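Both counts, for ligands and for their atoms, begin at 1 and track the order of listing. Just so we're clear, the structure is a prediction, and the values are computed from it rather than from any experiment. Nothing fancy with the numbering, it's 1 onward along the sequence.
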Amino acid sequence: MKLNTILSRLWDCYSKENLSVRKIHDLFTSRGETVVNDHIAFRTIDTESLNIDVIAKPFTENGYVEKGEYHFKDKHLYARHFEHAGAGNYPRIFISQLKLEECSSELSGVLKDGSNYNAGINLPVDELILSGRLFKSISYKVYLDLLAESEYAAWFYVFGFRANHFTISVNSLKHTPSIKEVNDLLKEQGFRLNVSGGEIKGSESDLLQQSSTVADIVPVQFEEGVYNIPCCYYEFAQRFPASDGKLYSGFIAASADRIFESTNYRKE
Ligand code: NI
């Protein structure tokens, strides 16, 4: 599949399912902005058939190269980021994976249960990353059990393969060229920000500042009925020049660690 098709299908699914994403995108375009994506993030598990190397293939086969790697000890996550090597304004791709050997056998048993995988598992990987939930059926009780151990695992169980978030490049905004101005605008418009670790994650000396909304709450059909749970969020990133004068292009693990919490469970 062509890269532009993958990116536009990811956006379509993400912006249709998360109402505030569409509203925020429209807010910026209505202010005359051209919205540029800093990065798109995926979540997966570290099994042989679904690990970062596999999920990255649709991108590495389309001109992306591996750049940085990140460890999130407390959340039992490992991540890498990829950048497009050619010309063109392609977003970075950030892929994290849950390290199942560090999780309980109950949790890894649920996520590794191939007998409950749906037909999406047999799709070529460029279709797989667009195919959403990995499981034939999902239980709310199992969701809550996973949630008690790992919010990441619970989110992946329900939502699977899709963009977990897109990220607006604050550097590309004309009217609100700082993360604080973006946050103030969003709050003024009634959007809720993730305040874990403060509204702004990172400092100018880290060369990257990030903020994000809290994930939209969406109705999900479980075996036991329909429950409203957090889906996806929108992120904002402002990059600063490194000593070589070029904008820093990596990620800051301590900041990303808190950004993960944008999908934390909450009742509305
Ligand atoms: Ni991100």
Side-chain angles (χ1 to χ4, degrees), residues 6-7 10-11 13-15 17-18 20-21 24-25 28 35-44 52 55-56 58-59 64 66-84 89-98 129 150-152 155-156 159-173 178-180 182-183 186 191-204 206-216 230-240 247-264:
I6 296 172
L7 298 176
L10 284 167
W11 171 256
C13 165
Y14 166 76
S15 60
E17 279 212 338
N18 298 279
S20 65
V21 164
I24 290 169
H25 190 271
F28 284 108
V35 173
V36 173
N37 268 314
D38 180 273
H39 66 274
I40 302 173
F42 292 89
R43 294 180 175 185
T44 190
I52 292 173
I55 300 307
F59 302 102
Y64 275 81
E66 195 183 320
K67 287 290 181 175
E69 64 170 359
Y70 312 92
H71 296 272
F72 306 92
K73 198 163 165 280
D74 294 346
K75 291 185 170 68
H76 309 291
L77 301 173
Y78 167 72
R80 297 217 295 272
H81 101 263
F82 301 81
E83 294 179 26
H84 198 273
N89 217 352
Y90 289 106
R92 296 164 190 81
I93 302 294
F94 184 94
I95 309 175
S96 56
Q97 65 184 17
L98 183 61
I129 61 163
S150 161
E151 184 282 324
Y152 186 103
W155 188 93
F156 180 75
F159 297 109
F161 296 111
R162 66 185 63 215
N164 170 268
H165 59 272
F166 276 61
T167 307
I168 293 182
S169 163
V170 174
N171 298 71
S172 71
L173 299 174
S178 75
I179 199 111
K180 180 169 187 311
V182 168
N183 288 352
L186 293 172
F191 295 101
R192 239 174 101 181
L193 299 177
N194 167 4
V195 295
S196 175
E199 274 177 12
I200 297 175
K201 280 73 163 160
S203 63
E204 195 168 334
D206 292 326
L207 309 179
L208 173 64
Q209 290 191 309
Q210 292 161 278
S211 67
S212 63
T213 61
V214 292
D216 276 19
C231 186
C232 300
Y233 58 92
Y234 219 162
E235 188 184 311
F236 313 92
Q238 181 178 6
R239 295 181 180 275
F240 297 89
L247 287 184
Y248 175 68
S249 193
F251 292 85
I252 306 295
S255 301
D257 192 276
R258 296 310 187 92
I259 293 273
F260 278 118
E261 295 170 15
S262 306
T263 49
N264 273 5

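- Note that CZ of R239 and OH of Y248 are 7.5 Å apart. Values are rounded to the nearest 0.5 Å.
- Distance check: L208 CG to S203 OG gives 9.5 Å after rounding to the nearest 0.5 Å.
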Starting from the C-alpha separation in whole Å, work towards a yes-or-no answer on ring-ring contact (aromatic ring centres under 6.0 Å, His included) for W155 and Y152.
-> CA-CA 5 Å; W155 188 93; Y152 186 103; 7.7 Å; no
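- Within the protein, the number of N/O/S atoms found under 2.8 Å from the Ni ion (ligand 1) is 3.
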Using the side-chain contact (heavy atoms from CB on, under 4.5 Å) rule, take K75 and F260 through it: C-alpha gap first, then chi angles, then the decisive distance, then the call.
-> CA-CA 9 Å; K75 291 185 170 68; F260 278 118; 4.1 Å; yes
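- Taking the six-membered ring for Trp and thresholds of 30 and 60 degrees, F166 and W11 have ring planes more than 60 degrees apart, a perpendicular arrangement.
- F94 and H39 have tilted rings, their planes meeting at an angle from 30° to 60° on a 0 to 90° scale.
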